[in-house]
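Keep in mind that this is a model prediction, so the values were computed, not measured. Position 1 is the first residue of the sequence; numbering continues from there.
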Amino acid sequence: MKKIFKLSLFTFLALGLFSCEEDSDTLTGNKVEGGLLENVTGAITYAQGALDTETKSVSLSAFQGNEKIESVDVYKQYFGKINVGTPTEEIVSSNKVLMQNISFPIASQHETISFDFGYSALASGLTFNGSPMSTTDDIALQIGDYWELTYVANLTDGSTAHLSAKKTKVTVACGSFLAGSYTCVTTRLDNPALVIVWPFETITSTGDGAYITSTTGRFYSPGADPGTGAGTTTGTTVLQVDAGFNFSDVCGSLTVTSTNLGNAYSNAVSQSAAQKAASFVDPVTGVITIEYSIGFSGNTVFQPHRNVYTPN
């Protein structure tokens with residue numbers, strides 16, 4: 001009886017090991033033989049408005065065993081919303097087309113390569129909702145739409161292996177590109193006769209969608225152009241520190257960071273909900289309008305301002 005039990009147990013373990021071995025081969029595609037992509041960049045974002053000025057990069061790696069990858073075909077397909085805001089809103093897809101073919105090195109057992117692309121490479125050759133996608137204008141894209149990149153490995157033995165499990169999702173996100181040189185017109189809204197023109201205002205990026213200006217109200221930084229006009233009856237005023245204020249751009253919503261003037265003086269710089277609602281970027285002209293207030297008399301009196309920045 002004990003011999004029968006031992007034999008049965010041995011048979012069970014042997015079958016179990018064999019079964020695990022078979023399952024492992026099925027899941028990995030017999031990785032020991034090689035010819036399969038191991039890692040692919042899974043997700044990246046495309047900032048709307050970047051077009052081809054912002055290059056994206058995808059990394060691919062493979063184990064090169066007896067079967068070796070000599071090139072990879074990259075296919076693309078776009079998925080986006082139509083009839084947005086209506087009862088018939090839905091997500092539909094474009095056609096799927098070859099984006100590019102990438103040569104893959106076979107010298108080492110483990111190989112990693114990357115390829116770069118911009119907006120035109122993503123959009124060219126695709127037809128979405130009955131029309132060709134523009135390669136020069138991305139204004140029709142909806143935030144949250146995405147491209148899906150899939151990969152086919154071409155092996156040295158002349159066969160191909162469709163790697164449908166390996167995909168890259170390129171999601172459309174809000175883009176912000178406000179840094180640059182502007183002519184700024186500052187108006188005291190509580191006294192509209194007081195207007196200053198700053199011909200060389202600079203908006204500087206401090207991070208993703210975060211910026212700092214050169215001036216705040218009538219105040220400007222040491223060594224900067226003093227502007228023309230008057231913020232008060234005595235004209236403009238130079239500070240001993242950088243005079244700009246910080247603001248952020250999130251999908252076109254402009255928010256002034258609550259802080260003190262020049263991050264040094266006790267005068268508060270703030271933005272009310274109404275002022276935030278009146279702050280925006282014109283997507284066609286690039287003109288920026290920002291409203292905010294500066295506190296005086298121990299921050300008991302606030303002077304409201306409107307800055308209008310026209311690109312130089």
Side-chain angles (χ1 to χ4, degrees), residues 40-60 74-82 84 91-102 113-129 131-151 167-183 201-214 246-257 279-290 309-312:
V40 174
T41 302
I44 55 179
T45 59
Y46 166 74
Q48 189 173 25
L51 299 177
D52 283 335
T53 63
E54 184 178 288
T55 301
K56 296 300 179 182
S57 182
V58 168
S59 176
L60 310 173
V74 183
Y75 288 86
K76 61 185 178 181
Q77 188 173 19
Y78 185 75
F79 296 81
K81 296 181 288 291
I82 63 172
V84 177
I91 295 178
V92 298
S93 63
S94 72
N95 54 324
K96 179 185 286 189
V97 301
L98 179 67
M99 180 173 169
Q100 65 184 103
N101 174 269
I102 306 166
I113 63 171
S114 61
F115 65 96
D116 300 331
F117 54 89
Y119 172 74
S120 60
L122 287 169
S124 63
L126 295 183
T127 298
F128 179 71
N129 197 26
S131 300
M133 291 189 71
S134 172
T135 58
T136 58
D137 187 350
D138 65 0
I139 195 171
L141 305 183
Q142 299 288 328
I143 304 302
D145 290 356
Y146 63 94
W147 287 269
E148 186 176 81
L149 307 184
T150 53
Y151 306 93
K167 301 178 180 180
T168 300
K169 187 176 183 181
V170 184
T171 305
V172 179
C174 296
S176 183
F177 311 94
L178 304 184
S181 175
Y182 295 82
T183 295
E201 175 84 16
T202 300
I203 294 179
T204 303
S205 174
T206 59
D208 188 13
Y211 303 92
I212 187 169
T213 64
S214 302
N246 295 88
F247 72 95
S248 62
D249 172 23
V250 179
C251 296
S253 177
L254 305 183
T255 303
V256 174
T257 304
S279 302
F280 62 95
V281 182
D282 188 311
V284 177
T285 64
V287 173
I288 304 169
T289 300
I290 301 178
Y309 305 85
T310 301
N312 287 334

Trainee: Please name the pair of heavy atoms, one in Q48 and one in I139, separated by the smallest distance, quoted to 0.1 Å.
Mentor: NE2-O, 3.7 Å
Trainee: Quick check for you: to the nearest 0.5 Å, what is the distance between I212 atom CD1 and T202 atom OG1?
Mentor: 11.5 Å
Trainee: Consider only side-chain N and O atoms of Y46 and D138, and report whether a donor and an acceptor are under 3.5 Å apart.
Mentor: yes
Trainee: Would you check if the side chain of E148 reaches a backbone N or O of Q77 as a donor-acceptor pair within less than 3.5 Å?
Mentor: no
Trainee: Among all residues two or more places apart in sequence or in another chain, which pass the side chain to side chain donor-acceptor pair (under 3.5 Å) test with T45?
Mentor: none
Trainee: Is a donor from one side chain sitting under 3.5 angstrom from an acceptor on the other, for T168 and Y151?
Mentor: yes
Trainee: What I'd like to find out is whether the side chain of Q100 reaches to under 4.5 Å of the side chain of F115, using heavy atoms alone.
Mentor: yes
Trainee: Search all heavy atoms of A123 against all heavy atoms of S134 and return the closest pair with its distance.
Mentor: CB-O, 3.5 Å
Trainee: So which atom in G286 and which in P311 form the shortest heavy-atom distance, rounded to 0.1 Å?
Mentor: O-CG, 3.6 Å
Trainee: Can you list the residues that meet the side chain to side chain donor-acceptor pair (under 3.5 Å) rule with T255, with sequence neighbours excluded?
Mentor: K276
Trainee: Hey, does E54 have a side-chain heavy atom less than 4.5 Å from the side chain of F177?
Mentor: yes
Trainee: Would I203 and F247 satisfy side-chain contact (heavy atoms from CB on, under 4.5 Å), going step by step from the backbone distance to the final call?
Mentor: CA-CA 10 Å; I203 294 179; F247 72 95; 4.1 Å; yes
Trainee: Quick one: pull up CG in L60 and OG1 in T41 and give me the separation to the nearest 0.5 Å.
Mentor: 7.0 Å
Trainee: Any side-chain to backbone donor/acceptor pair from T53 onto A50? Under 3.5 Å, distance only.
Mentor: yes
Trainee: State the OG-OH distance between S181 and Y309, to the nearest 0.5 angstrom.
Mentor: 12.5 Å
Trainee: Walk me through it: do K56 and D116 pass the test salt bridge (charged side-chain N to carboxylate O under 4.0 Å, His left out)?
Mentor: CA-CA 5 Å; K56 296 300 179 182; D116 300 331; over 6 Å; no
Trainee: Any donor and acceptor pair, going by atom type alone, linking the side chain of N129 with main-chain N or O of I82 inside 3.5 Å?
Mentor: no
Trainee: Below 4.5 Å, heavy atoms only, C-beta onward: do T183 and E201 meet side chain to side chain?
Mentor: no
Trainee: Side chains of Y75 and L149, heavy atoms from C-beta outward: is any pair under 4.5 Å?
Mentor: no
Trainee: In Å and rounded to the nearest 0.5 Å, what is the OG to CG distance from S248 to L178?
Mentor: 10.5 Å
Trainee: Indicate whether the side chain of K76 and that of S124 have a donor and an acceptor atom separated by less than 3.5 Å.
Mentor: yes
Trainee: Would you call T136 and Y119 a side-chain contact if the rule is heavy atoms closer than 4.5 Å?
Mentor: no
Trainee: Assess the residue pair Y78 and L126 against the criterion (side-chain contact (heavy atoms from CB on, under 4.5 Å)); give the C-alpha distance rounded to whole Å, side-chain angles, the decisive distance to 0.1 Å, and a yes or no.
Mentor: CA-CA 8 Å; Y78 185 75; L126 295 183; 4.0 Å; yes
Trainee: Are side-chain heavy atoms of N101 and V74 found at a separation under 4.5 Å?
Mentor: no
Trainee: For residues D249 and S176, is any side-chain donor paired with an opposing acceptor at under 3.5 Å?
Mentor: yes
Trainee: Show your working on side-chain contact (heavy atoms from CB on, under 4.5 Å) between F117 and L122 and close with a plain yes or no.
Mentor: CA-CA 7 Å; F117 54 89; L122 287 169; 3.8 Å; yes
Trainee: Could you give me the CA-CA distance, side-chain angles and deciding distance for D145 and F79, then say whether side-chain contact (heavy atoms from CB on, under 4.5 Å) is met?
Mentor: CA-CA 6 Å; D145 290 356; F79 296 81; over 6 Å; no
Trainee: Which value, rounded to the nearest 0.5 Å, describes the distance between C251 atom SG and I143 atom CD1?
Mentor: 5.5 Å
Trainee: Between OG1 of T171 and CG of L141, what distance do you get to the nearest 0.5 Å?
Mentor: 12.0 Å
Trainee: Which pair of non-hydrogen atoms, one from G175 and one from A47, has the smallest distance, and what is that distance?
Mentor: CA-CB, 3.7 Å
